[in-house]
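Single-structure report; data block below.
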2 protein chains.
Amino acid sequence: MAGAPRNTKQKQAVYEALTCLDHPTATQVYEYVHVGHPTLSRGTVFRVLGGFAANGQVRRVTLEGSDARFDHTLAPHAHGMCRVCGRICDIFLPDYEAIAKDARTDGFEIDGCEVEFTGICKECSEKMRRGAKEEYKEKYDERTQGKQDA
Amino acid sequence: MAGAPRNTKQKQAVYEALTCLDHPTATQVYEYVHVGHPTLSRGTVFRVLGGFAANGQVRRVTLEGSDARFDHTLAPHAHGMCRVCGRICDIFLPDYEAIAKDARTDGFEIDGCEVEFTGICKECSEKMRRGAKEEYKEKYDERTQGKQDA
DNA sequence: CTCTTATTAAGAATAAGTCTTGTTAAGGAG
DNA sequence: CTCCTTAACAAGACTTATTCTTAATAAGAG
């Protein structure tokens, strides 16, 4: 009969990496699995992650100024990117569905929604509060401004 | 004294392209300006667009599965990406600021918000309504699924 | 065990975006 | 007008995430 998808070691390793890492990029997944599976190739990581995303097992998240990231948390939620350290946080909205309410879409039929926040994560704002403001200002500016321009 | 930024022909041409094109990528801007200014280089387009984004003259928008796009509309608004044709539409929300209200941020201090909708644009849904469903189903699937995987 | 076929490893290919270097030109001073 | 300083530029090399190609491998059915 028609070939069914197979649950290979490679797929299991990639999925496990997603549960251990925090919103990793494909490259971060590759580096993680490469330790335990030295022959697992970069191309396989991209292909497997793409497959997971296509069938809804994981979410592919594209954030401003960053490579694609993969999230195994399926419940609807937004993301926050820290302007200082770049970390991605999950942010849950009480009424995610309501965002599109009363939107002036001019005929566009909405069927999905992604929300990205920017700001400063808990750890960085605590560090800033106890000094080191200069250091964080630098990183903030670096991450906030265009990269090529000073 | 210190050199002031200059308003050069190149910058003017790039900005004009943004007003004529609809949410273009940097490459689309380059192709547009290249007609009237054959010597205006790719690097300059990227640098100028980055500069505009850094000082807030334009918005840089990164949407799922697409290169960075540039938007000269400064009023806060969301974007909708058509799953069939890929077009980007502006979508205005009546209360953009309210989105972060009651968000469970766990210490993340929000200072900015981007909203991306997916769906089907007016033109495509009209075309689908008068037949051609097969054709559009194909494009929809192509654009929705991972690219590498079938 | 054997066959079919999905899956993989390896690495070449693509393309967005960045960076470097030598050149040009805007605009102020004389 | 001419000279000088420096922002801005063109050209093209470079980087790197992602995709594609091809030949080899290994699930899983029979």
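Throughout, a chain's letter reflects where its sequence line sits, starting with A, and its residues are numbered from 1.
A:Arg47 has no side-chain polar atom (N or O) that falls below the 4.0 Å cut-off from OP1 or OP2 of D:dT19. OP1 or OP2 of D:dA10 sits under 4.0 Å from a side-chain N or O of B:Thr39. For B:Gln10, a side-chain nitrogen or oxygen approaches OP1 or OP2 of D:dA10 to under 4.0 Å.
Of all heavy-atom pairs spanning A:Tyr32 and A:Glu16, the tightest one is OH-OE2, 4.2 Å. Of all the heavy atoms in B:Ile110 and B:Ala100, the pair that sits closest is CD1-CB, 3.9 Å.
Going from atom CD of B:Gln28 over to atom P of C:dA16 covers 10 Å, rounded to whole Å. Residue B:Leu49 contributes atom CG, which lies 15 Å from atom C1' of D:dA8 at whole-angstrom precision. Atom OH of A:Tyr30 and atom P of C:dT8 are 15 Å apart (whole Å). The CZ atom of A:Phe46 sits 5 Å away from the C1' atom of D:dA17 (whole-angstrom rounding).
The overall bend of the helix from C:dC1-D:dG30 to C:dG30-D:dC1, read as the angle between its terminal helix axes built from five base pairs each, is 30° when rounded to 10 degrees.
When the nucleotides C:dT7, D:dC9, C:dG17 are ranked by their closest atom to the side chain of A:Thr8, C:dT7 comes out on top. Of the candidate nucleotides D:dC9, C:dA10, D:dT19, C:dA10 has the atom nearest to the side chain of A:Ser41.
Both A:Asn7 and A:Ala26 sit near DNA chain D, but only A:Ala26 has its closest nucleotide nearer the 5' end. Nearest-nucleotide mapping onto DNA chain C: of B:Lys9 and B:Thr27, the residue sitting toward the 5' end is B:Thr27.
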(Q) If you apply the rule salt bridge (charged side-chain N to carboxylate O under 4.0 Å, His left out), what do you find for B:Arg129 with A:Glu109, and how did you get there? (A) CA-CA 13 Å; B:Arg129 221 169 285 134; A:Glu109 295 172 15; 3.6 Å; yes

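Counting distance only, with no hydrogens placed and no angle test, the side-chain atoms of B:Arg42 and the base atoms of C:dT18 include no donor-acceptor pair under 3.5 Å. Judged by atom type and distance alone, A:Arg6 reaches the base of C:dA6 through a side-chain donor-acceptor pair under 3.5 Å.
A salt bridge between B:Asp95 and B:Lys101 is absent, with no side-chain N of the basic residue lying under 4.0 Å from a carboxylate O of the acidic one.
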